[in-house]
There are 2 protein chains.
Amino acid sequence: MARSNVGPTITEVAKAAGVSRATVSRVLNGRTTVDPAIGARVRAQAERLQYRPNLTARYLSTGRTMTVSLVIPDLGNPMFQSVLRSLTRAAESAGYGVLVAEAQSAEKEARIAQDARRQCDAVVLVAPRTVDAELDALITQVAPVVVLNRRLKDPHVASVGIDYGAGVTQLVDHLTALGHRDLLYVAGPERSAAHQERLATLNSIAASRPELSVRTIPGGASMAAGHDVAEEVLASGATGVLAFNDLVAFGLLARLHGLSVDVPGDLSVTGFDGIELSRFAVPALTTVGQEVLDTGAVAWSLLEPQLAATGKAGPVEHALLTPRLIVGDSTGPAPAARASAHAPAADAAPDPAAR
Amino acid sequence: MARSNVGPTITEVAKAAGVSRATVSRVLNGRTTVDPAIGARVRAQAERLQYRPNLTARYLSTGRTMTVSLVIPDLGNPMFQSVLRSLTRAAESAGYGVLVAEAQSAEKEARIAQDARRQCDAVVLVAPRTVDAELDALITQVAPVVVLNRRLKDPHVASVGIDYGAGVTQLVDHLTALGHRDLLYVAGPERSAAHQERLATLNSIAASRPELSVRTIPGGASMAAGHDVAEEVLASGATGVLAFNDLVAFGLLARLHGLSVDVPGDLSVTGFDGIELSRFAVPALTTVGQEVLDTGAVAWSLLEPQLAATGKAGPVEHALLTPRLIVGDSTGPAPAARASAHAPAADAAPDPAAR
DNA sequence: CTGTTAGCGCTTTCAA
DNA sequence: TTGAAAGCGCTAACAG
C-alpha cells in the first residue's frame with residue numbers, strides 16, 4: 001500500500017542530488033564526514049523538496065520511535081494535566097513526542113501501559129491503583145520506565161515520588177497550630193496508593209497525638225465527590241477537614257458556600273496537590289504542592305538518560321519531591337479556640353494571586 | 001540496530017507454529033479465510049509467546065500509523081483538555097492513539113502541525129491564532145484534518161465550529177433581561193479567532209441596540225488575566241461583565257471576592273465555554289457551553305470516515321455546535337434596576353451541582 | 001488455503 | 001569519502 005504520508009522520500013532527494021540514499025542519510029544525520037560540496041548539494045535539494053525524514057521508517061532501522069507514552073488514570077485531573085504539559089514540553093525540546101494513554105479503570109492500567117510501550121521508546125507511568133505485585137511485573141515489561149507518584153521497592157526503576165506523608169504532616173501541623181483538634185479526612189479512591197499513604201500517615205499521627213481526633217469518611221478524587229460529602233462533613237462536627245486533593249476541596253467549598261457555611265470561620269478546609277486553581281478558589285485554598293519543580297519535567301530528566309544509553313544504563317535515579325505548605329484563606333482558627341489569644345494570626349494575604 | 005522494543009516478532013511466531021509469516025499475519029488480522037486447525041495453532045503460539053504486532057512496522061507496509069495528532073495552543077486550558085480527553089477516548093475505541101502537540105506560540109502552529117502530521121494519519125487542529133491565508137495552505141498540507149473552533153471558507157475540510165455569536169447573544173440577552181445596560185467585555189488574546197468573533201458579535205449587538213453601552217478592555221485567556229483586570233473592571237462602572245472565557249471569569253471572581261465586591265449584587269459576571277469548573281465557582285458561573293456534545297468526540301466522528309476512505313473521501317462534514325446558556329449565581333439584577341419590580345427573579349438554585 | 005516474494009523508507013554495515 | 005546491499009517487522013501481491 002502506498003503511504004498516505006505527505007512529502008518526498010530520501011530516494012527522491014538522492015536522485016535530485018545525484019547521490020545515493022546512504023549519502024543523503026549521512027549528510028542529514030551528520031555522523032560521518034562528507035564532502036562539503038556534496039553536502040551542500042544534498043542540503044539544497046532537501047530544502048528545495050521540503051524533505052523531512054519519515055520518523056516511522058527511521059524507527060524500523062534504528063529501533064527508536066522518538067516518542068514516549070504517558071499513562072495516566074484520568075485526563076480530567078489538573079494534577080495529571082500539569083504532568084502531561086510539562087512532560088510534553090521537556091520531551092519536545094529533546095525531539096520526542098508524547099503519546100497519551102488514559103487508563104480509565106484500574107484493570108486497564110497494565111494493559112494500556114503494555115500497548116503504549118509497543119509504540120514508544122519508554123513510558124511514564126502513573127498507575128495509582130495497580131497493586132504492588134502486578135506493578136513490579138509490569139515495570140520490567142515496559143522498561144525503560146519512570147514511575148510517578150508511587151513509592152517503589154525496586155531501586156532499579158526510576159521514579160518520581162511525592163512525599164505525601166510530609167504533605168499531610170504539614171497540613172495537620174498547620175491545622176493543629178490553629179487550634180483544631182477534631183479533624184476529618186475526606187478519603188480518596190480506595191485503591192489509590194496516594195490515598196493509602198496519606199491515610200497511613202494520618203493514622204500514625206493520630207496514634208502519637210492522643211489529643212487529636214482524626215476520622216475518615218469516604219470521598220473520591222473529583223469536584224463532584226467533594227460536593228457530595230459536604231453535608232456529611234458538616235454533620236461530623238469536625239472543625240478541620242483534609243480533602244484528598246484540591247479538586248475535592250474545591251467541590252466541598254462550593255457546596256459549603258451554598259449551605260452558607262463560613263469557611264474558615266465555621267470550618268477549615270485543606271486540599272492537596274497545589275494545582276493552579278487552588279489559588280483562585282474562594283476562599284483561596286490552603287494546600288500542599290510543588291510549584292516550581294514540576295513532576296513531568298523531573299520525570300523527563302530521569303527518563304532521558306535511559307533513552308540515550310544504548311547498552312546498559314547508568315545508575316537509575318529517584319526523585320522524592322516534598323510538597324510545601326501553601327497557606328490560603330480556607331483555614332483559620334478553630335471555632336472553639338477563637339477567643340483564646342494563642343491562635344496565631346498566620347493566614348496570609350487575602351489576595352489569592354499574591355503568592 | 002536492534003529494536004529496543006519488547007516481545008517476539010511475527011517470524012518467531014511463524015516458526016513456533018510451523019507456518020509462514022504471511023499465514024500468521026492472515027490469522028491475526030483475519031481478512032482472509034484460514035484453515036481452522038492452522039488458525040488455532042497460530043493463535044495458541046501467539047498467545048503463548050505473548051506476541052503483539054509491532055505497529056510501527058505495520059505502518060511501513062500499510063501506510064497507516066493508527067495515531068492522530070491533536071495540535072492545541074495551550075494544554076493548560078480546560079477547554080482544550082476536555083477536547084483531548086474526549087478525542088482520546090473516541091480514538092481509542094477505534095484503535096487509534098492520540099499524539100499531543102502543543103503549539104505554544106502563534107508562529108509555531110503551522111510548523112508543529114506539519115511535523116505532527118508526519119508521524120500520524122491525520123491531525124485535529126486547533127489553531128486559533130494562525131491567520132486565514134496561512135491556515136488554508138496548512139490545511140491542504142496536513143489533510144486529512146479536522147479544524148476546531150474556526151469558521152472556514154473552504155467547504156472541503158471538515159470542521160467543528162462553535163457558534164460563538166449565538167453564545168454571546170445569549171449572554172447579552174440574559175444580562176439585559178436582568179436590567180443591565182452597561183456591559184464590559186474582557187477581551188481574549190488579540191489574535192484569537194474566537195475573540196474576534198465574539199467581539200464582532202458584540203459590536204453588531206451594540207450597533208442595533210443603542211440603549212446599550214458595550215465597552216471592551218484587554219484581558220487574556222487565563223485565570224491570572226481575569227485576576228489582573230479586576231480593578232479596571234470595577235473602575236469602569238459597568239454592571240455586567242462578559243469575560244472571554246470561564247478561566248478569566250474565574251480569576252476575576254476570585255479577585256472580586258478579595259476586594260469584597262458582591263457578585264452578583266454589585267456586579268454580574270459571565271464566562272464562556274462551560275467547563276466543569278464553572279459549576280463549582282463561588283458563585284457558580286453563568287456561562288455558555290456544550291455539555292453533552294463534546295467537541296473532541298464530534299471531531300473524531302468527522303475524522304474517522306476520512307481515515308477509512310482509501311481513495312477519495314465522501315463529502316466532508318461540518319458541525320456547528322451551538323452553546324447553550326447555563327445560568328449560575330454570578331449574574332443577577334442590575335443594581336439600578338434592583339428596586340424595580342420587573343427584574344425577573346430568574347436565577348436558579350444556589351446549589352452549583354443541581355444542574 | 002498457504003508459501004514465496006517484494007517492498008514500505010530509512011540507516012548502517014561492508015567494500016570499493 | 002561514497003555506493004551497493006542488507007535488513008528492521010510487517011503486509012499484500014502473486015503463484016502454487
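Naming: A, B, ... by sequence-line order, numbering from 1 per chain.
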* Asked: Separation of A:Leu28 atom CG from C:dT12 atom C1', in whole Å?
  -> 15 Å
* Checking salt bridge (Lys or Arg N to Asp or Glu O under 4.0 Å) against A:Arg191, which of A:Glu109, A:Glu134, A:Glu107 comes through? -> A:Glu107
* Asked: When you measure from the side chain of B:Ser159 to the backbone N and O of B:Gly161, does any donor-acceptor pair fall under 3.5 Å?
  -> no
* Asked: Between atom OH in B:Tyr59 and atom C1' in D:dC8, what is the gap in whole Å?
  -> 15 Å
* Could you tell me the separation between the CZ atom of B:Arg41 and the C1' atom of C:dT2, rounded to a whole number of Å? => 12 Å
* Asked: Should A:Arg58 be listed as having a side-chain N or O under 4.0 Å from OP1 or OP2 of C:dG9?
  -> no
* Distance-minimising heavy-atom pair for B:Val98 and B:Ala91 -> CG2-CB, 3.8 Å
* **Nearest-angstrom distance from the residue atom CZ of A:Arg64 to C1' of C:dC10** => 15 Å
* Separation of B:Arg52 atom CZ from D:dG9 atom C1', in whole Å? -> 16 Å
* Asked: Does B:Ala16 have any side chain to side chain contact (heavy atoms under 4.5 Å, CB included) partners at least two apart in sequence or in another chain, and if so, which?
  -> B:Gln45, B:Arg48, B:Leu49
* Roughly, in whole Å, what's the span from CG in A:Leu60 to P in D:dC8? -> 9 Å
* Return no unless some side-chain N or O of B:Ser61 is found under 4.0 Å from OP1 or OP2 of C:dC8. => no
Under-3.5 Å N/O pairs linking protein and nucleotides 2-5 of chain D:
from	atom 1	to	atom 2	distance (Å)
D:dT2	OP2	A:Asp35	N	2.8
D:dG3	OP2	A:Ser20	N	3.2
D:dG3	OP2	A:Ser20	OG	3.2
D:dG3	OP2	A:Thr23	OG1	2.4
D:dG3	N7	A:Arg26	NH2	2.7
D:dG3	O6	A:Arg26	NH1	3.3

* Taking only the side-chain nitrogens and oxygens of B:Asn29, find out if one of them lies under 4.0 Å from OP1 or OP2 of D:dT11. => yes
* Asked: Ion pair present between B:Asp294 and B:Arg85, side-chain N to carboxylate O less than 4.0 angstrom?
  -> no
* Any Lys/Arg nitrogen of A:Arg52 or A:Glu47 sitting under 4.0 Å from an Asp/Glu carboxylate oxygen of the other? -> no
* Residue pair A:Glu102, B:Arg89: steps toward the salt bridge (charged side-chain N to carboxylate O under 4.0 Å, His left out) verdict -> CA-CA 8 Å; A:Glu102 186 182 18; B:Arg89 289 181 181 169; 2.8 Å; yes
* To do: When you get a sec, tell me which of D:dA12, C:dT11, D:dC10 is the closest nucleotide to the side chain of A:Ile10?
  => C:dT11
* To do: Take atom CG of B:Leu55 and atom C1' of D:dG9, then tell me their distance rounded to the nearest Å.
  => 11 Å
* Distance below 4.0 Å between B:Tyr51 side-chain N/O and D:dC10 OP1 or OP2 -> yes
